[in-house]
Structure formats: structure tokens, C-alpha cells
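For reference, the structure is listed below as C-alpha cells.
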Amino acid sequence: MGVASVRLDPAFAVGPLNRRIFGTFVEHMGRCVYTGIHEPGHPTADEHGFRTDVAELVRELGPTIVRYPGGNFVSNYQWEDGVGPKEDRPTRLDLAWRSIETNQVGTDDFMSWASRLGIEPMLAVNLGTRGMTEAIELLQYCNAEPGIELSDRRVKNGHPDPHDVRVWCLGNEMDGPWQMGHKTAEEYARLAEETARAMKRFDDSLELVACGSSNRAMPTFGTWERVVLDRCFDFVDHISAHAYYEPVDGDLDSFLACAEDMDRFIRAVVATADHVAAVKGSDKRISVSFDEWNVWFQARFDGESSLEIREAPELIEDVYSVTDAVVVGSLLITLMQHTDRVSMACQAQLVNVIAPISTRAGGPAWRQAIFHPFALTARYAAGTVLRPAVVSDAVQTQAYGAVDQLLTTATLDPETGDLVVFAVNRSRTEDCALTIDLDALAHSAGSVGSLGGEGGRAAYPAGRQVEHLTLHDADPNAHNTEADPERVVPRAGDAVLDGSTLRAVLPPISWHCIRITEGNNS
């Protein structure tokens, strides 16, 4: 059995929890939109054609921001096709995913859907096959007050009030040769700079996201960020990062530790951005928008050119195991550990396509295993992200060397004193005996609301309750299906509070949410 000890102290914090970390992504890809969030004629469809059974699961999942409409799709998308009367909208060939796009869902439809669910929109503009003019026109269509042609077109289409989109992505993965309109760093930097300058001229309070590297293995990684930010620094607020993880050649140890790669990715982008700031003599801090991340079994995908052209194909509908869910939980922990510099993060995607929610056309919707760590983290993480002091036994990995068996973070709500610990046992074979020292919290009554003690070693008040939820299964390949949608669900763990010490035994390949609360909140 491995051993890990953790000390939590409110004096050591990363910063306030950035709730935009709990973002999601809707792309016109496969069945994410059509028969995913939107299916007129479905028994649960609302008057707009959107599935209410899916909407209920989205509310439970708890995303705070949603990126749209892509992704690779956006780089050959004509936004005008998706607005106005549906019967007048053209059917197009989407080159990104070799799909027939009916345009029955477009900007206004998406914006209304997001508004009904209370999710902030994050729109991407096409800087692949189009450019600055079309980006500025979309911005005016969405955000301008009535009185000019583009906003009046929106009014005519039934949306008198501006959509007031605050966050805009300046293209998508423009470093990737798979992208329609792929560009060199210099080419993209020039276009992004001029587009950003014009968008800020319309509204200088907009938040603009420059394209960073599509992944850390790109040959231009680092150089791309430096070149782009050197040109765009004064006009953008964030730079994107994308990463997908899977077992490589059956290496499950490295897969379970892949949060190490995400951590190094974030640190490298931040260092590059700060280098550009230093050269410019600026105190401005560019943040990271990690607006695509997930587990994706890319080795099973033969590439875009292998796809048969058809409408709403079943594309990349990976089925996720409890092991995948543990990895997703570890990636969320890593994002929270960088809450001071990660401004947004979007799990890709929301429905059907490498997604936490699955549907059947005309049939049910259900939660995949990866749904649960996201939903519980988004629900219970609150307040300040603490910087835990961890001493842990190690797990050896081929990709990352020796890594801590325990990966953990915690949030502390300064108003209620509620503490939530998120933890992963990354070992495939060994339990982890976890001990968490809360003595500093118990002594910090002024910092943590009702937690307090006097003299000596403090203890939490008797009213404090511990709730321990865990994702684990004796079968690491266990997964949910339409026939058995509750095979992998959160279950009660064994954490106990002994004075100011929390103890638990974490089984191999397991994710945990441990809450210490007053016991009167859900």
C-alpha cells in the first residue's frame, strides 16, 4: 500500500477559483449538434427543436461557458448560412469533417439555447478560409445595438437585444496542417493582430483568445506562441492550448499520469507569454484558455480523409471507462491548480463526440463515466484553491518518470468554511493510505468562517460532517451504456475526520471528492 500525507493551510493558496474552468464545447461535428443537443421531433424536443432530456443533463453537468461553433469546423464556416428563416438556409459541405451541414442550427439558435441554460457563450471566428471582414461582421451582428444593417438583420431574425458575447476566439488551431486555411505563425500573427485591433475598436472590453499550439508535441510549439504574442500582445487577453490524452501502446501508467503533461504544457505557455511581456517591458499577464481537452482515443481514428460524406455521422463516439473518468478528474485537478493563470477551459465535446453525454436518435440520453468527475467538481468546488503540501509515494511511468501516486487539490469557501478535497490515486495496483492534516485550517477561524479551535491541536466543531464520493470499480474497464447507464456512478467512500486529521484509503485507479461541511447544504 502506498502512503500519502497532505497539509492544507489557508495561508497557502493558488487564488480564487476561476469558474470558467468548467467550460464545454459544442462543435458542428458528428452528432454533437444534430441528434445531440438538437433533434426536432424527439419526444422531449422543445418548441425550438432542442432536446430537453439533454438540457437536463447539461444543467446537472454544470458547465459555465461553452465554445462554439468549432473547432476545425469554424475554419470553413460561413456564419451567414446559419441565421434567418430555416427554410432559406443553404445546405453546405463541411470540409473539416466531410459532412453535410444543413445549417438548421446557427448563431441565434445556439445563443438562445445557451441563454436558456444559463451558460456563457464563447464564439470562434473563421480565420481560415475567411478573415477580418467576416469576423467584424459577425461581431456586429451579435453585439451591436439596432440601427445598423447587421444588427437590424439580427432584429429582423427575431433577436432585438444584442447577444453581448464577451469572449471571442481568433480562429482555431491555425498551426495545424489539417486546418482549412492553415497558416505559418507569422501569417496567422499578422491576421490575428489586425482582426483583434478591429474587434477592440468596436468594443475594447471584449476578451480575445489568440490561437496557441494545437498540442505540446507540435514542432512549432513555443515558437508559435512567441511569434503570435509578439504581434498580438496589446490586443489579446488569452492564448489557447489544446490537449487530448489516451493510452499509448497500452501504457496505462503514463495514461493515468497524463496530467503531468497538461501541467508542463500550461507552465511552458505561461513562461513564453511572460517572456514576451518581459521583452516588451509590460506588466500585462496573458492567460491560458485551455479550450479543448479530454480523453480521446485518436489511434482509433483514421483521419478526416477516411470519412464518408454524409449528414450527422456517428463520428468519434468514444465509450469511456472508469479509468478514463479518473484521468478526466486528474485533468480537472490540474486546471484548478493553475486557476491563477488558466482563464478558461473547455472539455471537448458536450454530446456524443468524445463527450460526457451520449444520446440515441429518437431515444434516451445518458451519462458517460467521465460525466461524474466534471459534474461533482463543478458543483462542489468553491471559493479559494489551496496549494497543498504533498508527500507521496511515487509511481514509475515511461512518459513522465516518477510521479506522485496521489494527485490532489482543495478548495475552501471563505464564507462558509466548507472544505472540498479532490484526489486521484494514480496507481494501477496499490491502495493509497491518505492522511490530510487540517490543523492550520482549524486554527484559522478568521479565515474560514466557522472552523476554529483554541490552544493546542484544534479539532473541527462537532457539527462538521464528512461526505466522501468516489469513482472506482473492480473492473477498470467498466463503463456506462444505453442498456446500463448506471454501471459507473459515484459511491460512498470511507473518509473519516479524527480531530483535525482526515483519513481515507484510496483504492487503485480512483477519483475522490471529500467534503467537510456544516452538513446542511447539498
Side-chain angles (χ1 to χ4, degrees), residues 17-29 31-34 36-39 44-71 73-74 79 82 105-125 138-139 142-143 159 161-169 172 206-209 238 240 289-294 328 332 335-336 339 342-359 365 367-368 370-382:
L17 175 66
N18 184 350
R19 295 207 58 81
R20 278 179 170 173
I21 284 173
F22 306 120
T24 188
F25 181 28
V26 169
E27 180 174 2
H28 285 250
M29 175 183 178
R31 296 195 310 117
C32 184
V33 174
Y34 304 114
I37 64 171
H38 182 266
E39 188 179 352
T44 72
D46 62 16
E47 65 271 28
H48 309 287
F50 287 86
R51 291 181 57 154
T52 58
D53 61 339
V54 172
E56 290 175 4
L57 289 178
V58 173
R59 289 189 180 94
E60 181 184 344
L61 185 68
T64 53
I65 191 169
V66 54
R67 183 167 173 251
Y68 176 87
F73 173 82
V74 77
W79 69 266
V105 172
T107 302
D108 292 325
D109 312 292
F110 167 79
M111 293 297 302
S112 296
W113 173 84
S115 177
R116 290 192 295 273
L117 289 173
I119 308 175
E120 180 184 4
M122 175 184 186
L123 292 190
V125 298
L138 176 58
L139 173 60
C142 287
N143 284 15
H159 301 272
D161 296 326
H163 293 313
D164 193 30
V165 181
R166 295 287 90 203
V167 184
W168 295 82
C169 301
N172 173 77
L206 296 176
E207 295 182 54
L208 304 183
V209 184
H238 321 276
S240 69
S289 175
F290 219 117
D291 46 45
E292 286 189 35
W293 68 270
N294 205 350
V328 164
L332 285 163
L335 291 167
M336 287 193 290
T339 190
V342 173
S343 53
M344 291 167 281
C346 301
Q347 186 186 40
Q349 294 181 14
L350 179 60
V351 185
N352 288 325
V353 181
I354 52 172
I357 299 171
S358 294
T359 72
R367 306 167 190 83
Q368 288 232 56
I370 64 171
F371 180 100
H372 298 294
F374 189 108
L376 290 173
T377 304
R379 183 182 310 162
Y380 293 131

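Side-chain atoms of Asn143 come within 3.5 Å of backbone atoms of Asp164 as a donor-acceptor pair (strictly under, hydrogens ignored). Using a distance-only test at 3.5 Å, with no hydrogens or angles considered, a donor-acceptor pair links the side chain of Thr52 to the main chain of Thr44. Side-chain N or O atoms of Glu27 include one that pairs as donor or acceptor with a backbone N or O of Phe73 at under 3.5 Å. With Ser115 contributing its side chain and Met111 its backbone, the two residues share no donor-acceptor pair below 3.5 Å. Here the side chain of Tyr34 pairs a donor or acceptor atom with the backbone of Val105 at under 3.5 angstrom. Of the possible donor and acceptor atoms, one in the side chain of Asn352 sits under 3.5 Å from a partner among the backbone N and O of Arg31. Distance alone, capped at 3.5 Å, is enough to place a donor-acceptor pair between the Arg19 side chain and the Ala378 backbone. No donor-acceptor distance shorter than 3.5 angstrom exists from the side chain of Asn294 to the backbone of Gln347, with no hydrogens or angles considered. Judged by distance alone, the side chain of Glu39 and the main-chain N or O of Ala45 form no donor-acceptor pair under 3.5 Å.
You'll find the side chain of Arg20 reaches within 4.5 Å of the side chain of Glu120, heavy atoms only. When side chains are defined from C-beta on, Arg51 does not count as touching Val351, because their heavy atoms never get closer than 4.5 Å. Residues Arg367 and Leu57 have side chains in contact (heavy-atom distance under 4.5 Å, counting atoms from C-beta outward). For the pair Val328 and Phe371, the minimum side-chain heavy-atom distance is 4.5 Å or more. A heavy-atom distance below 4.5 Å is not found between the side chains of Trp79 and Cys142. With contacts defined as side-chain heavy-atom distances shorter than 4.5 Å, the pair Leu206/Leu139 qualifies.
To the nearest 0.5 Å, atoms CG (Asp291) and CG (Asn172) are separated by 8.0 Å. Rounding to the nearest 0.5 Å gives a distance of 13.5 Å between OH of Tyr68 and CD1 of Ile119. Rounded to the nearest 0.5 angstrom, Asp53 CG and Thr359 OG1 are separated by 8.0 Å. Taken from CD in Glu60 to CZ in Arg379, the straight-line distance is 6.0 Å, to the nearest 0.5 Å. Rounding to the nearest 0.5 Å places CE of Met344 at 7.0 Å from SG of Cys169.
Using the six-membered ring where Trp is involved, Phe374 and Trp293 have ring planes that are parallel, under 30° apart on the 30 and 60° scheme.
The heavy-atom pair separating Thr377 from Met336 by the smallest distance is CG2-CE, 3.6 Å. When every heavy atom of His163 is checked against every heavy atom of His159, the shortest pair comes out as CE1-ND1, 3.9 Å. Taking every heavy atom of both residues into account, Leu350 and Trp113 meet most closely at CD2-CH2, 3.7 Å. Nearest heavy-atom pair across Ala381 and Phe22 is CB-CZ, 4.1 Å. Nearest heavy atom pair, residue Arg67 against residue Cys346, reads CB-SG, 4.1 Å. When all heavy atoms are compared, the tightest approach of Gly23 to Thr64 is N-OG1, 4.2 Å.
Sorted by first and then second residue, the salt bridge (Lys or Arg N to Asp or Glu O under 4.0 Å) pairs with a member in residues 342-352 form an empty list; sequence neighbours excluded.
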Should Val33 and Phe110 be marked as a side chain to side chain contact (heavy atoms under 4.5 Å, CB included) after you check the CA-CA gap, both sets of side-chain angles, and the distance that decides it? CA-CA 10 Å; Val33 174; Phe110 167 79; over 6 Å; no
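Arg116 meets the salt bridge (charged side-chain N to carboxylate O under 4.0 Å, His left out) test with Asp46; sequence neighbours excluded.
No side-chain N or O of Ser343 forms a donor-acceptor pair with one of Asn18 less than 3.5 Å apart.
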